[in-house]
Amino acid sequence: MKQLKDILAGIGLLETRGDLSILVRSIQFDSRKVEAGDLFVAVKGSHVDGHQFIAKAIELGATAVVCEDVPENFPSGVVLAKIENTQPNFGKMAAAFFNNPSANLKVVGVTGTNGKTTIASLLYKTFSLLGYKVGLISTIKYYVGDEEFHATHTTPDALQIQELMAKMVDAGCEYCFMEVSSHAIDQDRISGIEFDGGIFTNLTHDHLDYHLTFAEYLKAKKKFFDQLPVTAFALTNADDKNGMVMLQNTKAVKQTYSLRSLANFHCKVLEKHFDGMLLSIGGQEVWTHFTGVFNASNLMAVMGATLLLGVERDEILRILSELRPVSGRFEIIRSPEGKYAVVDYAHTPDAIQNVLSGIAEIRTGNEQIITVVGAGGDRDKTKRPEMAQEAARQSDKVILTSDNPRSEEPEQILADMEAGIEAHQKHKVLSIVNRKEAIKTACMLAKPGDIILVAGKGHEDYQEIKGVKYHFDDKEVINEIFGNSQ
């Protein structure tokens, strides 16, 4: 329970009706979740305008409403606060309701097209190994200390974020590492969070179904760094052409990491193998359990952030050698006869290119690379032909298949992908709609020593078809086909 005036502290009020000292039981922006004694905030979202549901919220028991436009015949028994813009202020209200939990945590956000999950998850693991109680908000799972919660979005809604952070504070967590998606930035879901640091990974072709242009996509990412306070750090990938753009207007302490140029945090890849890489970091050799140059970059982001948060250099170097890949990120499965499968979440052209380049770097002879890849339905269609083209360019054989078709026909998605295959590549490309059959075919085509990349779903354990989620786990399917015990 909290007084409405405390929830609205610091927010410009244009009009009020009733007693702002009223106690509210909870705060909601989804009218379906409203119960007696709640505050309903009418948010104008990208798809739905909450103002349409004010009457419904009141009918369900809302005793207070915050909105931009006051409905006609607004009931006199309900407290009203009119403000200029509910969307960016909703996170601030949610934060106030939960006593501003981020003020009692060191919060670091990770944004970019690829690498967010790996970096955020490895930071969570690093600080856990250092003996801290830590929170994680990621695509795979949400964690409050060791307690695990099912992840619904890369970055959940503002109310859920604040509730999770309040749980972290109550559990004694000192740090929170979170993925920050472009959707979340654009929709102000991270409003009300006091960040201590931000990390930029890279920017490549993705989410243009939402942002429409690459410039708008970049603008959303940059907004996160523009809003960082002077007390925070802004750590960017100097090897990405948009890396320094992120630092242009930030008030935060500017820091860089790189594999190719001078930077605050730099490393060199000395050796690449299937079971790991040998890195040179500041003249010290460190063996890691990661493969691929893109993972060396991810590890530099982890190291940089950890040092900026005050950890001793020797401690982080020791932990880098202990860390293991995140579920579904360049995860390797070996068959009894020596075939290899790599399961990876790669679902953008750049991610496909990175993973296949990583595989090519550790190929020792004439092993075939066989790629199984699909594209999600109801998402950015423009990347589909580029993904297929990239897979064909770096693979000996390619099998195009279903990912999560969602409401689309999988055959149409495959047709969109096939459009990217050039004439001289068509002989090595198959299209098999059924994902299990596609993976099975790839495993049958492979000989001992060959490498099968199964891309797109990574950690996911479902396929979404026509609004229904069916259990499907790439790793389970591969192990079953390989005859591995699980």
Side-chain angles (χ1 to χ4, degrees), residues 2 7-8 11 24-35 38-54 56-57 60 62 64-68 83 85-103 105 107-111 116-117 120 135-144 147-170 176-195 198 207 209-211 220-221 223-224 227 378-379 406 464 469:
K2 203 170 191 71
I7 295 171
L8 296 173
I11 295 171
V24 296
R25 186 196 68 89
S26 184
I27 179 172
Q28 299 293 347
F29 70 101
D30 184 340
S31 62
R32 295 167 297 184
K33 296 178 180 178
V34 170
E35 295 181 18
D38 285 356
L39 163 65
F40 177 67
V41 183
V43 176
K44 289 184 178 179
S46 52
H47 299 297
V48 179
D49 183 355
H51 288 75
Q52 298 172 14
F53 305 100
I54 290 175
K56 181 66 175 176
L60 290 170
V65 171
V66 175
C67 60
E68 297 175 30
I83 65 173
N85 196 335
T86 50
Q87 182 169 282
N89 283 303
F90 179 69
K92 296 173 186 175
M93 288 183 256
F97 181 81
F98 288 104
N99 299 314
N100 296 305
S102 64
L105 295 163
V107 184
V108 176
V110 187
T111 197
K116 295 189 298 295
T117 301
L136 174 68
I137 300 174
S138 81
T139 302
I140 299 177
K141 296 284 183 189
Y142 307 148
Y143 282 97
V144 176
E147 189 178 359
E148 181 183 306
F149 297 85
H150 177 65
T152 54
H153 294 81
T154 297
T155 312
D157 64 64
L159 186 62
Q160 194 178 3
I161 291 173
Q162 296 298 335
E163 188 174 11
L164 276 167
M165 288 188 175
K167 283 187 167 80
M168 292 173 194
V169 172
D170 290 344
C176 170
F177 300 104
M178 65 181 291
E179 294 184 48
V180 179
S181 70
S182 58
H183 294 69
I185 299 166
D186 187 61
Q187 295 166 10
D188 296 297
R189 285 186 236 156
I190 56 173
S191 174
I193 301 173
E194 295 182 22
F195 282 97
H207 300 308
D209 55 317
Y210 177 86
H211 296 287
K221 297 293 190 187
K223 179 182 172 183
F224 170 58
Q227 293 177 343
D378 303 333
R379 297 293 187 268
R406 299 184 178 89
E464 186 177 339
K469 286 187 176 181

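- Residues Lys44 and Thr86 come closest through the heavy atom pair N-OG1, 3.7 Å.
- The two residues Ile54 and Cys67 have their closest heavy-atom pair at CD1-CB, 4.0 Å.
- Under the rule for a salt bridge (Lys or Arg N to Asp or Glu O under 4.0 Å), Asp157 has no partner lying at least two apart in sequence or in another chain.
- A donor-acceptor pair under 3.5 Å is formed between the side chain of Thr111 and the backbone N or O of Val180.
- Under the side chain to side chain donor-acceptor pair (under 3.5 Å) criterion, Lys2 pairs with Asn99, sequence neighbours left out.
- Qualifying salt bridge (Lys or Arg N to Asp or Glu O under 4.0 Å) partners for Lys92, counting only residues two or more places apart in sequence or in other chains: none.
- Between Ser31 and Leu60, the closest heavy-atom pair is O-CD1, 3.1 Å.
- By the 4.5 Å heavy-atom criterion applied to side chains, Pro156 and Arg189 are not counted as neighbours.
- When atom types are taken as modelled, the side chain of His51 and the backbone of Glu68 share a donor-acceptor pair closer than 3.5 angstrom.
- For the salt bridge (Lys or Arg N to Asp or Glu O under 4.0 Å) test, residues two or more places apart in sequence or in another chain that qualify with Lys223 are Asp188.
- With ring centers used as reference points, Phe40 lies 6.0 Å or more from Phe53.
- Remark: Lys33 pairs with no residue by the side chain to side chain donor-acceptor pair (under 3.5 Å) rule, at least two apart or across chains.
- Between Ser182 and Phe224, the closest side-chain pair of non-hydrogen atoms is not below 4.5 Å.
- Of the possible polar contacts, none joining the Glu179 side chain to the Gly109 backbone as a donor-acceptor pair under 3.5 Å is found.
- Phe149 is listed as a side-chain neighbour of Lys167, based on a closest heavy-atom distance under 4.5 Å.
- Nearest heavy-atom pair, Ala95 versus Pro101, reported as atom, atom and distance to 0.1 Å: O-CD, 3.9 Å.
- At a threshold of 4.5 Å between non-hydrogen side-chain atoms, the residues Glu163 and Phe98 count as touching.
- Of the inter-residue distances, the one linking Ser181 atom OG with Lys116 atom NZ reads 7.0 Å to the nearest 0.5 angstrom.
- Gln28 places no side-chain N or O within donor-acceptor distance of the main-chain N or O of Val41, the cut-off being under 3.5 Å.
- Side-chain atoms of Ser102 do not come within 3.5 Å of backbone N or O of Ile193 as any donor-acceptor pair.
- Scanning both residues, Gln87 and Asp186, for their nearest heavy atoms gives NE2-O, 3.8 Å.
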* To do: Please report the C-alpha distance between Arg379 and Arg406 in whole Å, then the side-chain angles of each, then the deciding distance to 0.1 Å, and finally whether the side chain to side chain contact (heavy atoms under 4.5 Å, CB included) criterion is met.
  => CA-CA 9 Å; Arg379 297 293 187 268; Arg406 299 184 178 89; 3.4 Å; yes
* Yes or no on side chain to side chain contact (heavy atoms under 4.5 Å, CB included) for Leu164 and Met178, after CA distance, side-chain angles and deciding distance? -> CA-CA 11 Å; Leu164 276 167; Met178 65 181 291; over 6 Å; no
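- Smallest separation of non-hydrogen atoms from Pro88 and Ser191: O-OG, 2.5 Å.
- Between the side chain of Asn89 and the backbone N or O of Asn85, at least one donor-acceptor pair lies under 3.5 Å.
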* To do: Give the C-alpha distance, both sets of side-chain angles, the deciding distance and a yes or no for side chain to side chain contact (heavy atoms under 4.5 Å, CB included) between Leu105 and Met168.
  => CA-CA 8 Å; Leu105 295 163; Met168 292 173 194; 4.2 Å; yes
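- Not counting sequence neighbours, the partners of Glu148 by the salt bridge (Lys or Arg N to Asp or Glu O under 4.0 Å) test are Lys141.
- Asp38 places a side-chain N or O within donor-acceptor distance of the main-chain N or O of Glu35, the cut-off being under 3.5 Å.
- Between Phe29 and Phe90, the ring center distance clears the sub-6.0 Å criterion.
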* **Residues Phe177, Ile137; criterion side chain to side chain contact (heavy atoms under 4.5 Å, CB included); working and verdict** => CA-CA 6 Å; Phe177 300 104; Ile137 300 174; over 6 Å; no
